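Everything on this sheet refers to the single structure shown next.
Note that ligands are numbered from 1 as they come in the structure, with each ligand's atoms numbered from 1 the same way. Side chains are part of it too, since the values below use all heavy atoms of this structure and drop only hydrogens, waters and symmetry mates. On a predicted model such as this, the values are computed, not experimentally measured, just so you know.
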Amino acid sequence: GDKNSNDPTAETQSNTSTEDDKELPASEKSLLQKIVRTGLITSKHDIEVQRRDPKSPLYSIKSFELLKLHPNLLKGVYEMGYNAPSKIQETALPLLLANPPQNLIAQSQSGTGKTAAFVLAMLSRVDPDLHYPQVVCLSPTYELAIQTGEVAAKMSTYCPNIRLRYAVRGEDVEKGSKIEEQIIVGTPGKVLDWATKYKFFNPKYIKVFVLDEADIMVDTQGHQDQSFRIRKLLPETCQMMFFSATYTEDVMRFANAIAPMSVIIRLKREEETLDNIRQYYVNCNNKEDKYNALVNIYGGVTIGQAMIFCQTKKMALWLVNQMAEQGHAVALLSGELTVQQRISVLDRFREGKEKVLVTTNVLSRGIDIEQVTIVINFDLPVTVTRDPDFDTYLHRIGRTGRFGKKGIAINLVSGSSDHFVLKQIEEHFCKPIECLNTDNADDME
Ligand code: ADP
């Protein structure tokens with residue numbers, strides 16, 4: 001190769017932090033996580049419940065049938081492949097569907113079934129014979145609102161009279177007219193404008209108000225204020241549903257202001273562990289050597305899908321070009337892509353169109369791709385001071401409750417500083433990292 005002119009290794013050795021090492025904003029991570037998700041995250045923890053009023057009903061249901069849903073809605077739920085409620089749904093759904101309506105604040109990590117829960121509640125509260133908005137659901141971004149709307153559209157496949165309107169950038173309503181759809185899903189600013197400035201709907205008729213991804217909202221300038229202002233327009237009797245992936249003081253202050261007298265339910269996060277991961281390292285001399293090891297690994301085992309982490313964008317690009325030249329179906333997810341491009345890369349990967357996804361630190365945290373059976377650290381994760389980055393290592397290869405299956409992690413190491421980092425990682429997690437000889441196929445079984 002063109003070693004001297006364009007050697008990414010050289011950059012890695014000397015560089016501190018590049019644009020590409022930065023993590024994505026929380027809203028985008030949440031979105032990408034939804035895109036790649038194919039199923040529920042399960043948790044070994046129990047639900048914690050706090051009730052303001054101990055007399056309010058509290059029970060959990062183990063089947064959707066017990067909810068007395070409209071048959072067409074139930075049909076939609078089953079068609080989505082939901083056989084039984086998730087842990088958070090078991091407790092949340094009876095509360096969300098109770099009469100008289102009950103305010104709820106629910107916190108659990110992304111992937112545990114919150115969206116499906118409130119979408120089901122929204123749909124079942126709607127009167128399809130009335131042609132005006134009855135439900136408002138706020139999301140922090142355009143893309144997240146669309147994701148929620150799509151879940152609602154799917155779940156209401158057999159309820160053709162329930163209709164939904166997006167209140168997001170690019171959507172317009174004819175001046176002076178009224179919205180006829182029963183459900184509005186949108187971003188706070190646009191919904192507020194539609195309610196107050198343009199009066200496209202009457203907030204007094206809203207009976208369900210959902211605030212989703214509240215932890216992202218509290219970090220977004222103006223969202224809290226806009227949400228309060230919408231809330232103030234709603235009738236006293238409106239049911240408030242408040243959802244967040246995290247449980248911080250800021251979020252809870254926001255929650256209590258939006259949804260007073262709520263039942264609060266929480267599901268503790270399942271911690272990532274290395275317990276079910278077999279960890280290996282491969283000795284390499286340079287990046288070409290690492291590349292060869294990679295090709296051997298790739299050719300040697302029948303693996304499902306692989307994720308490969310590089311420290312810099314330049315290295316990732318080099319690797320992708322190298323692999324593509326040799327005819328491997330490989331995708332690159334890096335920092336400079338647009339939201340739409342990232343979605344399409346992840347969509348294709350999830351569908352299995354590419355077997356290998358190469359990425360930098362943009363994906364190091366908060367994104368779990370279930371069908372990945374092998375994670376390769378083309379570069380070990382290090383901090384700007386070139387110390388081992390234990391957290392990132394754990395996030396890249398660690399697994400949580402959703403994975404029953406075992407995983408494999410392979411670290412490609414070259415040079416003494418790499419070996420030192422690897423040794424520290426091994427000691428930190430108290431888990432052995434074994435040497436793997438990629439020239440020897442027997443070693444790779
Ligand atoms: P959250 O809003 O907490 O991130 P979602 O509602 O988006 O979680 O659910 C995560 C994933 O699990 C989605 O792919 C969703 O379709 C699926 N899912 C949700 N509820 C169930 C269920 N009861 N059974 C099976 N899959 C479910």
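Ion pairing between a basic and an acidic side chain is recognised when a charged N comes within 4.0 Å of a carboxylate O; Glu28 and Arg342 show such pairing. Ion pair Asp275/Lys431 flagged as a salt bridge, since at least one NZ, NE, NH1 or NH2 atom sits closer than 4.0 Å to an Asp/Glu carboxylate oxygen.
Under a cut-off of 6.0 angstrom, the local environment of CZ in Phe390 is crowded, with over 12 non-hydrogen atoms contributed by other residues, nucleotides or ligands.
Under a 4.0 Å criterion applied to the non-hydrogen atoms of Ala116, ligand 1 contributes the atoms 6 (O), 19 (C), 20 (N). Short contacts between ligand 1 and Ser110, defined as distances under 4.0 Å to a heavy atom of the residue, involve ligand atoms 4 (O). Taking a cut-off of under 4.0 Å to the non-hydrogen atoms of Ser86, the atoms of ligand 1 that pass are 23 (N).
Within the structure, the closest approach of Ala84 to ligand 1 falls below 4.0 Å when heavy atoms are considered. Assignment of Phe243 to the shell around ligand 1 is not supported, since no heavy atom sits closer than 4.0 Å.
Note: an N/O pair closer than 3.5 Å links Lys114 and ligand 1 by distance alone. Where the criterion is an N or O separation shorter than 3.5 Å, residue side chain and backbone included, Gly113 meets it with respect to ligand 1. Here's the thing with Ser108: none of its N/O atoms is less than 3.5 angstrom from an N/O atom of ligand 1.
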query = Stepwise, does the side chain to side chain contact (heavy atoms under 4.5 Å, CB included) test hold for Asp127 with Gln134?
reply = CA-CA 8 Å; Asp127 183 342; Gln134 301 152 44; 3.6 Å; yes
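Ranked by closest heavy atom to atom 16 (O) of ligand 1, the top entry among Phe64, Phe118, Tyr82 is Tyr82.
With sequence neighbours excluded, the residues that form a salt bridge (Lys or Arg N to Asp or Glu O under 4.0 Å) with Glu351 are Lys353.
Proximity of a side-chain donor or acceptor of Lys355 to a complementary backbone N or O of Val330 within less than 3.5 Å is not detected. Using a distance-only test at 3.5 Å, with no hydrogens or angles considered, a donor-acceptor pair links the side chain of Gln89 to the main chain of Gly113.
Residue contacts with ligand 1 for Met80 are absent, since no atom lies close enough (heavy atoms, distance under 4.0 Å).
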